[in-house]
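All values reported here derive from a predicted model rather than from experimental measurement.
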Amino acid sequence: MEISRGKIVSAQKVVVYGPEGIGKSTFASCFPNSLFIDTEGSTKKLDVARLKKPTSWSMLLEEVKFIKNNPHKCNTLVIDTADWAEILCINELCSKSHKSGIEDFGYGKGYVYLAEEYGRLLNLLEEVIEAGVNVVFTAHAQMRKFEQPDEMGAYDRWEMKLQKKTAPLLREWADTVLFANYKTYVVNVDGQGVQSGKNKAQGGKRVMYTTHHNCWDAKNRDNLKDELSFSFDEIAHIIPAGAAIQSPKPAFETLPPKDEPVQEQLKVDTPPVEPPKQDPPKEDPPKPTEQPKNDKPQIDLTGVPKPLADLMAANKVTVEEIQQAVSSKGYYPQNTPISNYDPEFISGVLVGAWPQVFNMIEAIRDDIPF
């Protein structure tokens, strides 16, 4: 068994959550060489690199796999936001199981299935981390009533706007959880005291909290101050700028091979040789310019629902290939237009099980029976 000792510098897993409009996306854009998966379209006003907005959970997973296989595309992958990504996950689960909502599963099973499916995303992002790419989640915040088991009464606290089993998963997965909020002071204005008099809120400075408090969730593993200004400069020193995975140094170092003496070569004086004279090349008549050929014609996706069309375009799948795969399983005749497919079949089978559908299409391309 190999034992390593000491700190290991690696890519970071960061979650930033707070109320809407506080600047979470702008904060995430300051991470080194960031690339956004914008699930809610909140980066339209920002000059950032982004992948196409995912219209389904399967498309979101495909985009994460693309970064996992091409880690040189960015140094930081930003998923903006975690709660809108969760909505995509819920929609796909309900489409697969023909449910109208997460509550229709009964006995809280829907939230268990949701946590399992969301865990697949976090496991996939763990591979992105191992490839040396930082991962940042942004999330909205909401207030919830919290009752402490060993105390009487309840109080309000800020939490991520996620379902009750998804939020703990994301907090446990992250290295750093930052809560951004406006720092507000309550000031009495009528001289009768804060408890019984008239009060007014003042302040509004944007700050972020890095440690747990009764009123919010936060954590860090780098001894950050409890309260910091909401600026990336405050945490820049803990975020690696590039591929930062380092393996521990081996216990024994192999020495480089000794340099062997180089034998001197005998110098032989040879008379210079003049190059033969050549006639000037004849000019060929100009060739007519050829129009560039379009080797990859655009795939016509007219009439295809957008979630399926996005997956087809990303994987260069034609309508005919979808029809052939569907007919091979006996769902519809091969010449049936996709626009005539049952919408639940498209969302639950074609989009919901896209990896399996695409494997079938690749098998058809290779003429492999399945």
Side-chain angles (χ1 to χ4, degrees), residues 10-15 28 31 33-40 43 48-93 95-96 113-138 166 169-170 173-174 242-245 296 299 301 306-318 321-322 325 346-366:
S10 67
Q12 293 295 295
K13 299 175 284 187
V14 180
V15 174
F31 279 71
N33 192 18
S34 56
L35 175 64
F36 277 72
I37 298 179
D38 187 356
T39 61
E40 63 173 7
T43 63
V48 296
R50 63 180 68 83
L51 293 172
K52 191 173 182 180
K53 178 183 177 181
T55 53
S56 65
W57 180 251
S58 296
M59 185 175 177
L60 173 60
L61 295 179
E62 288 289 324
E63 291 182 341
V64 175
K65 289 176 184 176
F66 172 76
I67 298 302
K68 183 196 76 171
N69 297 327
N70 302 275
H72 60 280
K73 296 289 185 180
C74 63
N75 297 130
T76 304
L77 177 64
V78 181
I79 298 182
D80 187 23
T81 61
D83 39 305
W84 279 61
E86 185 187 54
I87 293 174
L88 294 177
C89 187
I90 292 173
N91 291 340
E92 183 145 320
L93 285 174
S95 297
K96 283 182 178 180
Y113 300 150
L114 173 62
E116 292 175 352
E117 187 64 26
Y118 210 87
R120 285 182 55 206
L121 171 63
L122 299 182
N123 290 338
L124 189 58
L125 289 170
E126 198 67 39
E127 299 182 38
V128 175
I129 291 290
E130 292 175 0
V133 178
N134 302 307
V135 176
V136 177
F137 271 100
T138 64
T166 313
L169 272 181
L170 188 56
W173 171 84
I245 294 183
K296 297 181 180 179
I299 299 174
L301 299 177
K306 184 170 176 54
L308 179 59
D310 290 339
L311 291 170
M312 292 172 63
N315 294 276
K316 297 180 175 57
V317 174
T318 65
E321 288 175 327
I322 292 289
I346 294 175
S347 60
V349 177
L350 296 181
V351 176
W354 177 254
Q356 294 88 333
V357 174
F358 186 60
N359 288 339
M360 291 172 55
I361 292 172
E362 287 187 319
I364 293 174
R365 290 172 176 175
D366 297 336

Just by distance, do the side chain of [X] and the backbone of [Y] share a donor-acceptor pair under 3.5 Å?
{"X": "S34", "Y": "T76", "result": "no"}
{"X": "Q12", "Y": "S10", "result": "yes"}
{"X": "N70", "Y": "H72", "result": "no"}
{"X": "R50", "Y": "T43", "result": "yes"}
{"X": "K96", "Y": "G352", "result": "yes"}

Considering non-hydrogen atoms only, spot the tightest contact between [X] and [Y] and give its length.
{"X": "A115", "Y": "L169", "result": "O-CD1, 3.4 Å"}
{"X": "L88", "Y": "P54", "result": "CD1-O, 4.0 Å"}
{"X": "P307", "Y": "T55", "result": "CA-OG1, 3.3 Å"}
{"X": "T39", "Y": "A85", "result": "OG1-N, 4.0 Å"}
{"X": "S56", "Y": "E92", "result": "CB-OE1, 4.3 Å"}
{"X": "A11", "Y": "N134", "result": "CA-OD1, 3.3 Å"}

When rounded to the nearest 0.5 angstrom, what is the spacing between [atom1] in [X] and [atom2] in [Y]?
{"X": "Y113", "Y": "I90", "atom1": "OH", "atom2": "CD1", "answer": "15.0 Å"}
{"X": "E127", "Y": "I67", "atom1": "CD", "atom2": "CD1", "answer": "13.5 Å"}
{"X": "W57", "Y": "I87", "atom1": "CH2", "atom2": "CD1", "answer": "12.0 Å"}
{"X": "K53", "Y": "M59", "atom1": "NZ", "atom2": "CE", "answer": "10.5 Å"}
{"X": "L61", "Y": "F66", "atom1": "CG", "atom2": "CZ", "answer": "15.5 Å"}
{"X": "L125", "Y": "I79", "atom1": "CG", "atom2": "CD1", "answer": "4.5 Å"}

Note to self: Using salt bridge (Lys or Arg N to Asp or Glu O under 4.0 Å), reason through R120 and E117 one step at a time and then give a plain yes or no.
What the structure shows: CA-CA 5 Å; R120 285 182 55 206; E117 187 64 26; 2.6 Å; yes
Next item on the list: Could you walk me through whether L60 and W84 pass the side-chain contact (heavy atoms from CB on, under 4.5 Å) test, one step at a time?
Entry: CA-CA 11 Å; L60 173 60; W84 279 61; over 6 Å; no
Next item on the list: For F31 and N75, run side-chain contact (heavy atoms from CB on, under 4.5 Å): C-alpha distance rounded to whole Å, both residues' side-chain angles, the deciding distance at 0.1 Å, then the answer.
Entry: CA-CA 8 Å; F31 279 71; N75 297 130; over 6 Å; no
Notebook entry, point to check: Under the side-chain contact (heavy atoms from CB on, under 4.5 Å) criterion, do R365 and E321 qualify, and how do the steps go?
Noted result: CA-CA 9 Å; R365 290 172 176 175; E321 288 175 327; 2.8 Å; yes
Taking the side chain as every heavy atom from C-beta outward, state whether [X] and [Y] have any atom pair closer than 4.5 Å.
{"X": "L124", "Y": "K68", "answer": "yes"}
{"X": "L122", "Y": "F137", "answer": "yes"}
{"X": "V351", "Y": "S95", "answer": "no"}

Note to self: Set out, in order, the CA-CA distance, both residues' side-chain angles and the distance that settles side-chain contact (heavy atoms from CB on, under 4.5 Å) for E62 and N315, then state yes or no.
What the structure shows: CA-CA 10 Å; E62 288 289 324; N315 294 276; 4.0 Å; yes
